[in-house]
Amino acid sequence: MALHDMGRDIATSNRQTPTLLVLSPHPDDLELSCGLLCHKAMLMGWNVHEIVLTDGAAGGNDPRIFHTEQHRQMRIAEAKRGGAQLGVESIEFLGHADSKLVRDLPSAIATVLERLELLSPLLIAFQSASDTHSDHSGTHVATMSALEQYKKEIFSLEYCFWGKDDYQNIILTHPAGMQAKESAIKEHKS
């Protein structure tokens, strides 16, 4: 299903306002990987929500501040500012340890399933199984496990950031969103 087709499907849907849910392993992954999708969904009147699974404390430019509360808070603030530029209405930070998500998969699965039930998204975007970063592949496993238990109709899109996936199904050309995406990425100064 192409994004432009989603607008037509809304007319036949019993949902008043469709929701896009993006599962991000780290605080900057939405902007880097799904920024155009979020911006397009926002322009189409969708609700856009993000769940960030890790605290992002092992990412950025200055390893001297990795895993500090200052760094965690900086990454959260950057994600909020960047997401707002792309139409993200709410961001939930689960706070699992960066680079160690696989240790907390049962908890992550349970939370993702709870949010699916709460938000009832029409579309969910998350990492491909081919993504080679452990938190990215962990996000894929958590999301797929939750989706197996979720009993409602949902469309899913997968993207690959680290690695190569010949079958990923997000390819979006959205010139109007490029400026918003570039601005959102620049919010991540850490």
Side-chain angles (χ1 to χ4, degrees), residues 1-54 56 75-95 108-128 136 139-140 142-161 168-185 187-188:
M1 175 175 76
L3 187 58
H4 66 277
D5 292 332
M6 292 182 335
R8 286 193 294 269
D9 291 343
I10 299 315
T12 60
S13 173
N14 59 4
R15 302 168 201 226
Q16 290 186 344
T17 303
T19 297
L20 164 63
L21 175 60
V22 177
L23 281 291
S24 300
H26 304 107
D28 56 359
D29 287 320
L30 176 137
E31 291 84 348
L32 294 168
S33 300
C34 287
L36 294 180
L37 177 67
C38 293
H39 191 265
K40 183 67 172 179
M42 180 257 316
L43 290 177
M44 291 172 36
W46 287 47
N47 295 319
V48 181
H49 300 277
E50 177 184 18
I51 298 173
V52 180
L53 279 77
T54 74
R75 301 270 286 161
I76 288 170
E78 291 169 347
K80 288 179 179 179
R81 289 191 306 268
Q85 293 188 37
L86 296 168
V88 177
E89 294 176 28
S90 69
I91 303 177
E92 180 177 3
F93 299 90
L94 300 187
I109 293 165
T111 302
V112 171
L113 180 58
E114 288 172 10
R115 296 320 180 262
L116 287 170
E117 295 290 349
L118 177 70
L119 296 169
S120 191
L122 181 61
L123 177 64
I124 185 170
F126 60 101
Q127 285 65 35
S128 159
H136 291 225
T139 299
H140 176 84
T143 304
M144 289 300 295
S145 297
L147 286 171
E148 288 173 8
Q149 300 172 59
Y150 187 61
K151 301 300 180 204
K152 298 177 187 172
E153 181 179 322
I154 188 169
F155 295 98
S156 64
L157 298 173
E158 297 181 28
Y159 61 88
C160 188
F161 189 78
Q168 72 180 5
N169 55 9
I170 291 181
I171 299 173
L172 178 63
T173 302
H174 176 41
M178 284 303 296
Q179 184 176 359
K181 179 176 177 170
E182 289 170 5
S183 294
I185 291 170
E187 291 294 343
H188 293 273

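These figures come from a predicted structure and were not determined experimentally.
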Is any side-chain heavy atom of [Y] closer than 4.5 Å to one of [X]?
{"X": "F126", "Y": "V22", "answer": "no"}
{"X": "L123", "Y": "L21", "answer": "no"}
{"X": "I109", "Y": "S145", "answer": "yes"}
{"X": "S128", "Y": "Y159", "answer": "no"}
{"X": "E117", "Y": "K152", "answer": "yes"}
{"X": "L122", "Y": "L20", "answer": "no"}
{"X": "H49", "Y": "T19", "answer": "yes"}
{"X": "L147", "Y": "I154", "answer": "yes"}

query = What residues, two or more places apart in sequence or in another chain, satisfy salt bridge (charged side-chain N to carboxylate O under 4.0 Å, His left out) together with E92?
reply =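 Once residues adjacent in sequence are excluded, the partners of E92 under the salt bridge (charged side-chain N to carboxylate O under 4.0 Å, His left out) criterion are R115.
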message = Test of understanding: with salt bridge (charged side-chain N to carboxylate O under 4.0 Å, His left out), list the residues that count as partners of E187, not counting sequence neighbours.
response =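 Applying salt bridge (charged side-chain N to carboxylate O under 4.0 Å, His left out) to E187 gives R81.
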key: side-chain contact (heavy atoms from CB on, under 4.5 Å) against V52, all qualifying residues, sequence neighbours excluded   =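 Counting only residues at least two positions away or on another chain, V52 forms a side-chain contact (heavy atoms from CB on, under 4.5 Å) with S24, P27, E50, I91, F93.
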task = For E78 and D28, run side chain to side chain contact (heavy atoms under 4.5 Å, CB included): C-alpha distance rounded to whole Å, both residues' side-chain angles, the deciding distance at 0.1 Å, then the answer.
result = CA-CA 8 Å; E78 291 169 347; D28 56 359; over 6 Å; no
Which pair of non-hydrogen atoms, one from [X] and one from [Y], has the smallest distance, and what is that distance?
{"X": "S183", "Y": "Q85", "value": "CB-OE1, 2.8 Å"}
{"X": "A108", "Y": "L53", "value": "CB-CD2, 4.1 Å"}
{"X": "T17", "Y": "G45", "value": "CG2-O, 3.2 Å"}

Between atom [atom1] of [X] and atom [atom2] of [Y], what is the distance when rounded to the nearest 0.5 Å?
{"X": "E31", "Y": "C38", "atom1": "CD", "atom2": "SG", "value": "8.5 Å"}
{"X": "L94", "Y": "T111", "atom1": "CG", "atom2": "OG1", "value": "5.5 Å"}
{"X": "C34", "Y": "L86", "atom1": "SG", "atom2": "CG", "value": "10.0 Å"}
{"X": "E114", "Y": "I51", "atom1": "CD", "atom2": "CD1", "value": "9.5 Å"}
{"X": "Q179", "Y": "H39", "atom1": "CD", "atom2": "NE2", "value": "9.0 Å"}

Side chain to side chain contact (heavy atoms under 4.5 Å, CB included) evaluation trace for E89 with M42 = CA-CA 9 Å; E89 294 176 28; M42 180 257 316; over 6 Å; no
query = Under 3.5 Å, side chain of Y150 to main-chain N/O of L116, donor-acceptor pair present?
reply =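 At least one qualifying donor-acceptor pair exists.
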inquiry  = Checking the side chain of H136 only, and the main-chain atoms of Q127 only, is there a donor and an acceptor separated by less than 3.5 Å?
reply    =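 No: the side chain of H136 does not pair with the backbone of Q127.
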inquiry  = side chain to side chain contact (heavy atoms under 4.5 Å, CB included) for L23 and V112? Distances and angles first, verdict last.
reply    = CA-CA 9 Å; L23 281 291; V112 171; 3.8 Å; yes
